[in-house]
Amino acid sequence: MKKRIVLALGGNALGDGLAEQMQAVKTTVKAIADLIAAGHQVVVTHGNGPQVGMINQAFEAAAKADSHTPMLPMSVCVALSQGYIGYDLQNALREELLERGINKPVATLITQVAVNPADPAFLNPTKPIGSFFTKEEAERLMRNGHTLREDSGRGYRRVVASPKPQDIIEKETVRAMLEADQVVITVGGGGIPVLVEGNHLRGASAVIDKDWASAKLAEMIDADMLIILTAVEKVALNYGKPDVQWLDRLSPADAHRFIEEEHFAKGSMLPKVEAALAFAESKAGRQALITVLSKAREGIAGKTGTIICQ
Ligand code: ADP
Ligand code: MG
């Protein structure tokens with residue numbers, strides 16, 4: 001059966017650094033092309049942790065050297081990372097498809113994601129980004145509207161909020177591209193966080209979790225399946241312990257219970273299970289799959305990975 005799939009790529013799909021990323025995408029696009037070749041409609045989303053850190057640090061270094069150079073707002077850092085990662089992915093995927101005789105346009109969409117200014121995450125920004133600053137440097141940056149926190153005696157670091165995605169601004173464009181049988185790379189790095197102020201969208205000092213943004217997108221474009229590709233083949237109970245138990249199928253009720261029992265690490269597996277669960281619960285028939293990049297095709301066939309569905 002041909003499915004509409006949102007495929008979320010984790011950090012291991014992109015590697016760390018420029019040279020590594022160029023190499024990593026060559027393997028990554030093979031897994032994506034397999035799904036396209038099988039006739040599925042595919043939307044690709046991805047994380048941006050190392051890349052957004054690199055971009056932010058480059059501009060921070062420039063701002064330290066010259067006080068007239070502004071530090072980039074986090075929304076701009078995310079936008080730059082979408083362009084850079086999207087370029088590598090669309091370039092490599094286009095080539096892989098052409099090698100297989102598939103002539104399908106591939107493009108990256110710079111995507112904004114609305115967040116709620118009343119999201120409690122804004123009251124307590126927790127996600128540290130970039131390098132360390134001295135007290136004096138931090139005070140200057142704070143006067144310019146940035147939020148910095150002392151980080152365990154090591155100096156000051158920029159911290160941003162991680163609010164939940166509310167709306168994908170460019171969702172109609174994603175749909176239109178899918179309906180025209182094109183491959184779209186979207187909500188990179190969780191999307192550019194924006195606050196809706198009438199007709200104006202204002203960049204927010206935040207980063208959105210890519211697993212949550214991918215689940216929101218999957219809901220909004222009425223996908224059949226959300227596939228979260230990461231570094232492990234299956235989700236586990238007692239992960240990293242001798243009595244580890246790998247899960248094949250997870251009902252929403254069990255998923256809720258295991259979340260309560262804290263089986264999934266905050267900031268890594270927890271957002272994946274929560275996002276997968278939210279998508280699976282949003283409508284009957286919707287399935288979420290968490291597996292490793294190289295097993296995507298087998299996962300869709302129900303042979304491996306962890307499936308979350310009603
Ligand atoms: P990504 O870049 O794909 O988002 P993360 O490192 O954020 O990857 O999350 C995936 C990691 O979560 C796995 O590589 C694994 O080490 C870790 N993890 C934490 N808890 C679990 C669990 N219960 N089951 C499986 N993996 C887990
Ligand atoms: Mg992650």
Side-chain angles (χ1 to χ4, degrees), residues 5-17 20-21 24-25 27-29 31-32 44-54 78 81-82 84-85 88-89 113 121 126-129 160-165 185 187-191 193 206-218 226-252 254-279 288-296 299 304-308:
I5 296 171
V6 171
L7 191 68
L9 304 173
N12 65 330
L14 298 170
D16 202 345
E20 214 179 289
Q21 179 171 307
V25 293
T27 313
T28 301
V29 297
I32 304 172
V44 180
T45 69
H46 60 83
N48 73 344
Q51 296 84 356
V52 84
M54 175 184 85
V78 176
S81 76
Q82 285 188 351
Y84 158 50
I85 297 167
D88 268 1
L89 276 175
V113 174
T126 52
K127 206 168 167 55
I129 301 278
V160 297
S162 190
K164 289 274 159 29
I185 300 161
V187 297
V207 289
I208 303 168
D209 183 89
K210 72 107 179 27
D211 297 314
W212 275 106
S214 303
K216 177 54 91 181
L217 176 76
L226 167 67
I227 304 182
I228 299 179
L229 296 181
T230 184
V232 284
E233 187 166 338
K234 294 180 186 184
V235 179
L237 302 181
N238 307 317
Y239 180 74
K241 296 182 189 153
D243 56 343
V244 62
Q245 191 189 331
W246 301 101
L247 301 167
D248 296 322
R249 225 185 154 79
L250 201 47
S251 69
D254 284 344
H256 282 291
R257 185 158 57 85
F258 297 147
I259 289 170
E260 295 255 299
E261 292 171 6
E262 299 187 1
H263 280 283
F264 314 120
K266 280 199 182 94
S268 63
M269 192 46 76
L270 181 62
K272 294 184 203 309
V273 174
E274 285 180 332
L277 175 61
F279 176 69
L289 168 70
I290 300 175
T291 193
V292 71
L293 182 71
S294 56
K295 298 281 170 84
T304 190
T306 303
I307 287 271
I308 303 174

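Order of appearance sets the numbers: ligands from 1, and atoms from 1 within every ligand.
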Trainee: Taking the side chain as everything from C-beta on, heavy atoms only, tell me whether Y239 gets closer than 4.5 Å to V232.
Mentor: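 Heavy-atom side-chain distance check passes, below 4.5 Å.
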Trainee: Does any pair with a residue in residues 261-270 pass salt bridge (charged side-chain N to carboxylate O under 4.0 Å, His left out), and if so which ones, sequence neighbours excluded?
Mentor: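 Checked against salt bridge (charged side-chain N to carboxylate O under 4.0 Å, His left out) - neighbours excluded - the pairs reaching residues 261-270 are R257-E261.
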Trainee: Does some side-chain heavy atom of N238 sit less than 4.5 Å from a side-chain heavy atom of H263?
Mentor: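 Answer yes - side chains close enough.
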Trainee: Less than 4.5 Å apart, any side-chain heavy atom of V6 and any of F279?
Mentor: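 They are not in side-chain contact.
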Trainee: State, with a plain yes or no, whether a side-chain heavy atom of L14 is found less than 4.5 Å away from one of L89.
Mentor: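 In contact.
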Trainee: Quick one: table the atom pairs, ligand 1 N or O against protein N or O, below 3.5 Å, distance rounded to 0.1 Å.
Mentor:
| from | atom 1 | to | atom 2 | distance (Å) |
| --- | --- | --- | --- | --- |
| ligand 1 | 2 (O) | G11 | N | 2.7 |
| ligand 1 | 3 (O) | T230 | OG1 | 2.7 |
| ligand 1 | 3 (O) | K272 | NZ | 3.3 |
| ligand 1 | 4 (O) | K210 | NZ | 3.1 |
| ligand 1 | 4 (O) | K272 | NZ | 2.4 |
| ligand 1 | 8 (O) | T230 | OG1 | 3.3 |
| ligand 1 | 12 (O) | S268 | OG | 3.4 |
| ligand 1 | 16 (O) | Y239 | OH | 2.8 |
| ligand 1 | 23 (N) | A236 | O | 2.8 |
| ligand 1 | 23 (N) | H263 | O | 3.0 |
| ligand 1 | 24 (N) | A236 | N | 2.9 |

Trainee: So, do I259 and L277 sit near enough that their side-chain heavy atoms are less than 4.5 Å apart?
Mentor: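 They are in contact (side-chain heavy atoms under 4.5 Å apart), so the answer is yes.
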